[in-house]
K.L.:
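Below: one structure in structure tokens.
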Protein chains: 4
Amino acid sequence: MNPIIENLNDHKIMSLAPDKRDRILNAAMKEFARGYKNASTDNIVRESGISKGLLFHYFRTKKELFLFLHDYALQMVLAEFFNLINLKERDILERWRQIVLLKIDLVHKYPAIFAFVNAVYMKENDEAALEISRRKTAFNDDVYGRLFSDIDTSLFREDIEPQKTVDVIIFTMEGYAAREASPDKSLEDYEPEYERILNEVDQYIALLRRCLYK
Amino acid sequence: MNPIIENLNDHKIMSLAPDKRDRILNAAMKEFARGYKNASTDNIVRESGISKGLLFHYFRTKKELFLFLHDYALQMVLAEFFNLINLKERDILERWRQIVLLKIDLVHKYPAIFAFVNAVYMKENDEAALEISRRKTAFNDDVYGRLFSDIDTSLFREDIEPQKTVDVIIFTMEGYAAREASPDKSLEDYEPEYERILNEVDQYIALLRRCLYK
Amino acid sequence: MNPIIENLNDHKIMSLAPDKRDRILNAAMKEFARGYKNASTDNIVRESGISKGLLFHYFRTKKELFLFLHDYALQMVLAEFFNLINLKERDILERWRQIVLLKIDLVHKYPAIFAFVNAVYMKENDEAALEISRRKTAFNDDVYGRLFSDIDTSLFREDIEPQKTVDVIIFTMEGYAAREASPDKSLEDYEPEYERILNEVDQYIALLRRCLYK
Amino acid sequence: MNPIIENLNDHKIMSLAPDKRDRILNAAMKEFARGYKNASTDNIVRESGISKGLLFHYFRTKKELFLFLHDYALQMVLAEFFNLINLKERDILERWRQIVLLKIDLVHKYPAIFAFVNAVYMKENDEAALEISRRKTAFNDDVYGRLFSDIDTSLFREDIEPQKTVDVIIFTMEGYAAREASPDKSLEDYEPEYERILNEVDQYIALLRRCLYK
DNA sequence: TATGAATGAGGATTCATTCAT
DNA sequence: TATGAATGAATCCTCATTCAT
């Protein structure tokens with residue numbers, strides 16, 4: 001269904017008992033959230049309560065673990081994301097509204113995954129870094145392609161190029177999201193801010209609708 | 001004059017002969033561009049032709065070197081930036097135009113500094129990471145504060161909140177910049193693209209002016 | 001019948017189905033040809049298609065497997081060797097001639113065994129090394145004892161001690177064999193060289209006969 | 001002077017204080033005498049009383065240490081060997097006599113070196129193993145070439161090819177040496193056996209002289 | 001018999017930092 | 001100031017062996 005992410009279920013680790021597997025993957029994500037180099041396989045095994053040997057039984061190298069985790073994280077988010085988003089809604093601003101709400105929920109549901117994904121900047125001049133970079137770009141292209149496919153551009157003002165209109169809307173979305181997700185803001189505080197964020201988003205939506213729509 | 005960045009001239013290293021100092025700082029920046037953890041003090045001393053002992057004579061720890069470099073880089077860019085920007089121009093969109101042009105120039109003039117600044121994501125849960133994060137935020141607040149201070153909001157449509165208008169403009173600026181600065185694009189290719197970028201920026205400016213201005 | 005090599009048939013592994021047993025033993029020999037330490041039990045089980053547990057069911061330790069294999073290899077060669085050699089021939093030089101021909105044949109017939117035997121230099125200061133060394137010496141003493149037993153020393157010159165004459169002949173044989181078996185010479189090339197080797201051997205035999213015989 | 005062995009004095013380790021250097025090299029040789037894989041860098045540093053880091057400061061890898069040691073050992077032996085052997089003596093059997101005596105002395109003087117050289121069988125399918133094998137062959141060719149150059153073949157019987165005569169003599173020498181150097185014989189016992197060995201060697205020499213010389 | 005997940009001590013290597021000179 | 005040898009904890013990874021099933 002999604003050709004970008006290879007079939008994770010083929011991986012050895014998927015034959016492990018789910019609770020043990022989750023213990024390992026969660027511990028690994030948590031550790032990699034500190035950055036690739038800072039992450040220590042020793043910490044991962046300590047945290048997940050397994051032996052050194054077992055970790056390397058399932059993942060031949062630290063890099064393989066990292067790469068698997070990356071794809072796993074993206075797939076987890078992705079599956080639920082597209083499951084819940086209503087792609088029938090063709091107004092991009094309405095769709096954004098949905099996305100924001102959904103994202104807040106997901107960040108709460110899978111905090112470790114988001115922490116990990118945000119941290120994935122494997123600064124290395126080797127193949128793995130390029131591979132991650134390539135996958136991330138492909139992933140983003142795919143997600144954005146789907147998320148903003150079949151947009152009803154007839155709603156937009158006619159005196160500006162529709163693609164540029166979409167760009168401004170997306171830039172605004174992302175800019176706002178980045179500002180809200182700045183590292184000082186601990187994820188735990190999101191919930192009480194739900195109202196505030198929704199309110200602000202609605203203000204941006206109103207602004208953009210007034211200025212960019214017919 | 002700039003309270004955010006402590007006085008770099010107080011640092012021991014500033015008493016070194018400028019050419020030797022530059023050799024050290026450039027080597028260090030180049031190395032840290034690979035990421036904090038990947039950077040090796042061995043490489044730095046080898047590249048700059050000094051001894052291990054001397055490096056640690058001037059900077060007590062790797063972290064101190066890194067932090068110094070960070071402030072140093074920001075100050076370098078900053079000084080030149082504000083020197084050249086015309087703060088008399090009160091139209092935010094015109095100011096953006098200036099900034100884009102200037103930034104392209106600076107990236108060419110100081111590629112090592114920009115490579116370093118872009119790479120500064122020291123994902124660590126220790127003091128240095130928080131410190132960097134704090135300084136960066138302060139720096140950005142300061143820069144943006146100055147860069148977009150004294151804006152003529154009377155140019156904006158009156159049916160929307162001026163601060164939100166500024167936000168949309170800045171989000172668009174940054175979104176566009178981020179897209180252009182994606183890691184696949186090598187800095188060397190910028191020059192021939194100067195025209196293309198300027199052209200695109202002008203299109204966004206025209207759009208925003210038409211939609212957000214009176 | 002042969003007191004040096006303990007009865008291999010008493011070993012647990014001998015109750016396994018012959019084809020499966022051979023798969024295991026061949027895989028193990030091939031692997032140990034890389035050297036004792038370099039040999040990996042993982043590779044052995046992968047190659048022979050059995051499970052880790054089963055290997056250690058039959059051989060309690062890697063060392064036991066190795067020791068068994070050593071004896072097994074020697075016995076394999078030995079049995080066939082003495083089966084084919086004509087111990088009626090009492091002229092040591094003629095006997096050598098037979099041995100050379102036979103050895104070339106056997107190396108072709110059991111390349112894995114010879115590769116393994118040649119590689120058996122388990123340099124370790126533990127029990128197994130001494131044990132191997134002891135068995136090898138005993139084996140050689142036994143083989144040479146039998147191979148050169150009942151030699152007709154009346155053929156030798158009478159002005160020299162017969163044992164010394166035998167020594168010189170054996171040293172020449174072994175020296176020549178070692179030179180021909182140097183590791184650069186791949187076993188595959190033996191066949192076309194059959195003629196050359198036989199020719200050279202005959203020259204040495206002629207020389208020794210002329211000088212050492214009456 | 002000897003083109004086979006590259007200049008060892010260029011190596012970093014040669015700038016170390018001789019006593020410390022010898023402590024390291026001796027410890028390493030002793031350890032590698034157990035075989036390449038069995039040798040543990042931990043043991044080497046423990047034995048030589050230096051830190052882990054220092055060993056890898058001088059030798060970037062275990063393999064580099066091993067290769068250096070190999071060349072070093074050969075050079076040590078070589079230099080003294082050719083220094084003491086009288087190449088004026090053109091009778092190969094007399095020369096052998098000298099060599100045997102000299103070798104016994106050297107084995108006593110440098111037991112660690114000989115133990116190491118005898119043990120050097122790095123069974124690995126990588127470049128280093130081939131490199132060692134290549135160097136050893138080149139070394140042997142060189143040594144034998146020099147050791148048995150300018151031999152007076154006019155002393156030999158005329159009814160046999162001189163090269164074959166030389167072969168038989170060398171095979172006998174090596175065969176005898178190998179038998180005496182078998183691993184069960186600890187090096188310490190050599191001294192009291194000096195007489196016995198010399199006596200036996202003289203017997204072989206007498207035999208060969210009677211049979212192979214005019 | 002047969003499986004293969006699980007163990008954990010041991011191995012080579014790295015690297016920021018110190019210190020005697 | 002300046003050097004670079006020296007340190008050793010930390011890192012990733014291996015592998016013979018065990019054990020529950």
Side-chain angles (χ1 to χ4, degrees), chain A residues 12-13 15-17 20-21 24 36-45 49-66, chain B residues 12-13 15-17 20 36-46 49-66, chain C residues 12-13 15-17 20 36-46 49-66, chain D residues 12-13 15-17 20 36-45 49-66:
Chain A
K12 224 182 194 176
I13 190 91
S15 57
L16 240 188
K20 195 167 193 175
R21 177 177 68 217
I24 296 175
Y36 181 78
K37 269 279 206 172
N38 294 308
S40 150
T41 54
D42 273 5
N43 289 344
I44 294 172
V45 302
I50 61 166
S51 72
K52 217 81 206 293
L54 193 56
L55 183 64
F56 285 94
H57 175 68
Y58 285 113
F59 302 98
R60 273 169 311 186
T61 62
K62 185 186 180 185
K63 207 170 296 184
E64 184 184 322
L65 167 59
F66 179 76
Chain B
K12 229 182 197 174
I13 190 88
S15 56
L16 241 188
K20 196 166 191 175
Y36 181 79
K37 265 283 200 173
N38 295 309
S40 140
T41 54
D42 271 1
N43 288 343
I44 294 172
V45 301
R46 197 179 310 120
I50 61 162
S51 73
K52 212 83 194 290
L54 195 55
L55 183 66
F56 282 90
H57 174 71
Y58 285 114
F59 301 98
R60 273 169 313 181
T61 64
K62 186 186 183 185
K63 207 170 295 181
E64 183 186 323
L65 167 59
F66 179 75
Chain C
K12 229 184 200 176
I13 190 87
S15 56
L16 241 188
K20 195 167 190 175
Y36 181 78
K37 265 282 200 173
N38 295 309
S40 140
T41 54
D42 270 1
N43 288 343
I44 294 172
V45 302
R46 197 179 309 122
I50 61 163
S51 72
K52 212 82 194 288
L54 195 56
L55 182 66
F56 282 90
H57 173 71
Y58 286 114
F59 301 99
R60 273 169 313 181
T61 63
K62 185 186 183 184
K63 207 169 295 179
E64 183 186 322
L65 167 58
F66 179 76
Chain D
K12 224 182 194 177
I13 189 91
S15 56
L16 240 188
K20 194 167 193 174
Y36 181 77
K37 269 278 205 172
N38 295 308
S40 150
T41 54
D42 271 5
N43 289 343
I44 294 172
V45 302
I50 60 165
S51 72
K52 216 84 204 290
L54 192 56
L55 183 65
F56 285 93
H57 175 68
Y58 285 113
F59 302 98
R60 273 168 311 185
T61 62
K62 184 185 181 184
K63 206 169 298 183
E64 183 185 322
L65 167 59
F66 179 76

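Below, chains carry the letters A, B, ... as their sequence lines are ordered, and counting in each starts from 1.
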K.L.:
Could you state the atom-to-atom distance from NZ of B/Lys62 to P of E/dT14 in whole Å?
P.N.:
15 Å
K.L.:
Establish, with yes or no, whether the OP1 or OP2 oxygen of E/dA6 is under 4.0 angstrom from a side-chain nitrogen or oxygen of A/Ser51.
P.N.:
no
K.L.:
Could you state the CZ-P distance from A/Phe56 to F/dA16, rounded to the nearest angstrom?
P.N.:
17 Å
K.L.:
Roughly how far, to the nearest 0.5 Å, is the NZ atom of A/Lys20 from the CD1 atom of A/Ile50?
P.N.:
7.0 Å
K.L.:
Hey, does the side chain of B/Lys20 come within less than 4.0 Å of F/dA2's phosphate (OP1/OP2), counting only N and O?
P.N.:
yes
K.L.:
What contact category does B/Tyr58 fall into here, base, sugar-phosphate, or nothing, at under 4.0 angstrom with non-hydrogen atoms?
P.N.:
sugar-phosphate
K.L.:
Whether D/His57 contacts F/dA5 is assessed here as follows: a side-chain N or O lying under 4.0 Å from the phosphate OP1 or OP2. Is that the case?
P.N.:
yes
K.L.:
Are C/Lys37 and D/Tyr36 in a cation-pi contact, defined as NZ or CZ under 6.0 Å from the six-membered ring centre and within 45° of the axis?
P.N.:
no
K.L.:
Go nucleotide by nucleotide along DNA chain F from the 5' end; which of D/Leu16 and B/Lys12 gets its closest nucleotide reached first?
P.N.:
B/Lys12
K.L.:
Roughly how far, to the nearest 0.5 Å, is CG of D/Leu16 from CG of D/Leu54?
P.N.:
6.5 Å
K.L.:
Just checking C/Ala39: base, sugar-phosphate only, or nothing, at a heavy-atom cut-off of under 4.0 Å?
P.N.:
sugar-phosphate
K.L.:
Whole angstroms only, please: what is the CG-P distance between C/Asp42 and E/dA6?
P.N.:
15 Å
K.L.:
Please state how far atom CZ in C/Arg46 lies from atom C1' in E/dG4, giving the value in whole angstrom units.
P.N.:
13 Å
K.L.:
With rounding to the nearest 0.5 Å, note down the distance linking CD1 in D/Ile44 to OG1 in D/Thr41.
P.N.:
6.5 Å
K.L.:
How do D/Ser40 and A/Gly49 order along DNA chain E: which one's closest nucleotide is nearer the 5' end?
P.N.:
A/Gly49
K.L.:
Return the nucleotide paired to E/dT7: Watson-Crick means purine N1 to pyrimidine N3 with N6-O4 or O6-N4, wobble means G-U with N1-O2 and O6-N3, both under 3.5 Å.
P.N.:
F/dA16
K.L.:
Over how many whole Å does the gap from B/Tyr36 atom OH to E/dC15 atom P extend?
P.N.:
13 Å
K.L.:
May I ask you to verify if any side-chain N or O of C/Lys52 is less than 4.0 angstrom from the OP1 or OP2 atom of E/dG4?
P.N.:
no
K.L.:
Write down the atom of B/Lys12, the atom of B/His57, and the distance for their closest heavy-atom approach.
P.N.:
NZ-O, 3.2 Å
K.L.:
May I have the distance from A/Leu54 (atom CG) to E/dA9 (atom C1'), rounded to whole angstrom?
P.N.:
16 Å
K.L.:
Please report the distance, rounded to the nearest Å, between CZ in C/Phe66 and C1' in F/dA16.
P.N.:
16 Å
K.L.:
Want to settle it: does C/Thr41 or B/Gly53 sit nearer the 5' end of DNA chain F, counting the closest nucleotide to each?
P.N.:
B/Gly53
K.L.:
Over how many whole Å does the gap from C/Leu55 atom CG to F/dC15 atom P extend?
P.N.:
15 Å
K.L.:
According to a strict under-4.0 Å criterion, is B/Ser15 in side-chain N/O contact with OP1 or OP2 of F/dT1?
P.N.:
yes
